[in-house]
Amino acid sequence: MKPVNDVIDGLGTTIFTVMSALSVEHGAINLGQGFPDEDGPADVREAAARAALDGPNQYPPMMGLPALRRAVAAHNKRFYGLEVDWESQVLVTSGATEALTASLLALLRPGDEAVLIEPVYDSYLPIVRLAGATARMVRLRPPESSVAEWSLPEAELRAAFGPKTKLLVMNSPMNPTGKVFSGAELALIASLATEHDAYVICDEVYEHLVFSGARHVPLMTLPGMAGRCIRIGSAGKTFSLTGWKVGYLTGAAELIAAVAKAHQFITFTTPPSLQQAVAHGLGKEDAYFDGLAAAMERKRDRLVAGLREVGFNVLASQGTYFANVDFRPLWNEGGDVDFATMLVREARVGSIPVSAFYPADPPAHMVRLCFCKQDAVLDEAIARLKAFF
Ligand code: PMP
Ligand code: GLN
């Protein structure tokens, strides 16, 4: 048989699927793959059920239902003051995963370079390669005792930009680190993008999961950035319905038109009942969005406190579903994959080895644990870890 595509051939199964399967196999509490164990708002789910019953259930418009595109534009205005034309500047996709893929395929040409930031979400690099482009990796500095947060090294970022740079992909709040990029870091990215005439694909799926009363700041709101950024959101995260796979993009009309051409041949469109329900959800009162972040912050605090009692060095998490631990105070007999494998088999707690977010030469002393679970589940995971260690 003739060989399949080289990029595809080189891929394994995602670490999230692998670790979830191991959790099931060993009866473990799954703090690996990031998904809440309670479904999001009943009124949003009811809206989906009603829309499915009442119909129509035929192909909605390729760009997305007008109701949802209007709701995305209004959400951008309400939370970030962004003026967005719903007809030309918003596109609905089947999840942020498709939004990322369609954006990269639409913008990249063979020979282009894409700047990616490590630890990098697993879907970005394979699509950059499928597009025939080359990735330039910039590595965040992991927290150390002297610097408590993951930091973006300016010199390395600057060096990654050059004449072939077409775009940078950034993710804030960031999976897996829980990092929220600072104002200074956003300004640096904006200035480099401007200097090199590059686009920025902003994966902002965790925009409503920022802690300590902080507000998410889209790069798109910085001076001069509206025309360069594609901002991506996900109903999966904003409404705790990760299986729904409804994503949305906002950007300059010319960029959205290009991304829509890719989208028309990836999925063409997204189930109309889910779109209708997400349109309803985006219109919910501010208290919903504030409550989502506050509830998640309490869960973070609960898991982090427990992990500290177990004896881990817990790294700061300013947003997302995730906390990372440096496990070396407790265990030094191998790397993070060995540790995560032991943890799921013997302590019966599932996690994600952070090395999975590095295509080469990874640090191997951290695992990611997901805190978007019910209190009793988090408590049971901590009890298992205490008993094991
Ligand atoms: N980007 C990041 C950083 C994520 O963590 C996830 C999801 N889990 C996605 C994209 C994909 O989102 P969706 O489920 O809407 O495709
Ligand atoms: N984004 C989720 C995570 O980081 C997983 C999504 C997936 O399984 N593809 O855990």
Side-chain angles (χ1 to χ4, degrees), residues 11-24 30-37 39-40 64 68 72 91-104 116-128 140 150 169-181 201-210 216 218 230-249 263 266-267 270-271 274-275 277-278 281-282 296 317-324 340 344 350-358 366-373:
L11 299 177
T13 303
T14 83
I15 189 69
F16 310 118
T17 299
V18 170
M19 292 310 297
S20 281
L22 280 177
S23 284
V24 171
N30 187 358
L31 304 187
Q33 189 178 29
F35 60 90
D37 61 355
D39 281 348
L68 178 51
V72 170
L91 174 69
V92 177
T93 55
S94 289
T97 308
E98 197 222 338
L100 287 156
T101 297
S103 301
L104 290 167
L116 304 183
I117 300 175
E118 291 176 326
V120 65
Y121 185 63
D122 67 344
S123 79
Y124 304 171
L125 181 60
I127 307 300
V128 167
L140 293 186
W150 297 79
V169 187
M170 67 170 294
N171 174 215
S172 181
M174 188 188 197
N175 179 5
T177 59
K179 174 185 173 66
V180 171
F181 281 66
I201 298 179
C202 301
D203 179 346
E204 301 183 7
V205 299
Y206 299 102
E207 61 188 317
H208 288 294
L209 293 165
V210 180
H216 173 63
I230 292 179
R231 197 178 97 70
I232 297 174
S234 168
K237 304 298 185 308
T238 295
F239 300 106
S240 305
L241 295 163
T242 60
W244 274 23
K245 306 299 289 188
V246 179
Y248 23 87
L249 306 90
H263 162 72
I266 302 176
T267 56
T270 299
L274 300 183
Q275 292 196 49
V278 173
L282 286 174
M296 204 59 75
S317 164
Q318 303 161 295
T320 74
Y321 287 160
F322 310 114
N324 294 276
V344 71
S351 64
I352 300 288
V354 171
S355 62
F357 298 85
Y358 292 83
M366 293 173 278
V367 294
R368 188 194 82 178
L369 294 147
C370 175
F371 47 73
C372 54
K373 306 292 175 188

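Since this is a predicted model, take the numbers as computed values, not measurements. Every number for a ligand or one of its atoms is a count from 1 in the order of the listing. Start at 1 with the first residue, then count along the sequence.
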Does K373 make a cation-pi contact with F371, if we ask for NZ or CZ under 6.0 Å from the ring centre and within 45° of the axis?
no

Should M174 and L140 count as side-chain neighbours, where that means a heavy-atom distance under 4.5 Å?
yes

Is the backbone N or O of G236 less than 3.5 Å from a side-chain atom of S234, with the two atoms forming a donor-acceptor pair by type?
yes

Could you check if a side-chain atom of R368 sits within less than 4.5 angstrom of a side-chain atom of N175, using non-hydrogen atoms only?
yes

Do the side-chain N and O atoms of S123 and T97 include a donor-acceptor pair separated by under 3.5 angstrom?
no

Protein residues that have a heavy atom under 4.0 Å from any atom of ligand 1, sorted by chain and number:
G95, A96, T97, L100, Y121, N171, N175, D203, V205, Y206, S234, K237, K245

Taking C-beta and beyond as the side chain, do Y321 and K237 meet within less than 4.5 Å on heavy atoms?
yes

Would you check if L282 and F239 make a side-chain contact, meaning some heavy-atom pair closer than 4.5 Å?
yes

Output, in order, the C-alpha distance, side-chain angles, deciding distance and verdict of side-chain hydrogen bond (donor to acceptor under 3.5 Å, both in side chains) for S20 and Q33.
CA-CA 6 Å; S20 281; Q33 189 178 29; 2.8 Å; yes

Do side-chain atoms of N30 reach the backbone of G350 as a donor and acceptor pair under 3.5 angstrom?
no

Anything with a heavy atom under 4.0 Å from ligand 2 counts, so go ahead and list those protein residues by chain and number.
F16, Q33, G34, Y121, N175, F322, R368

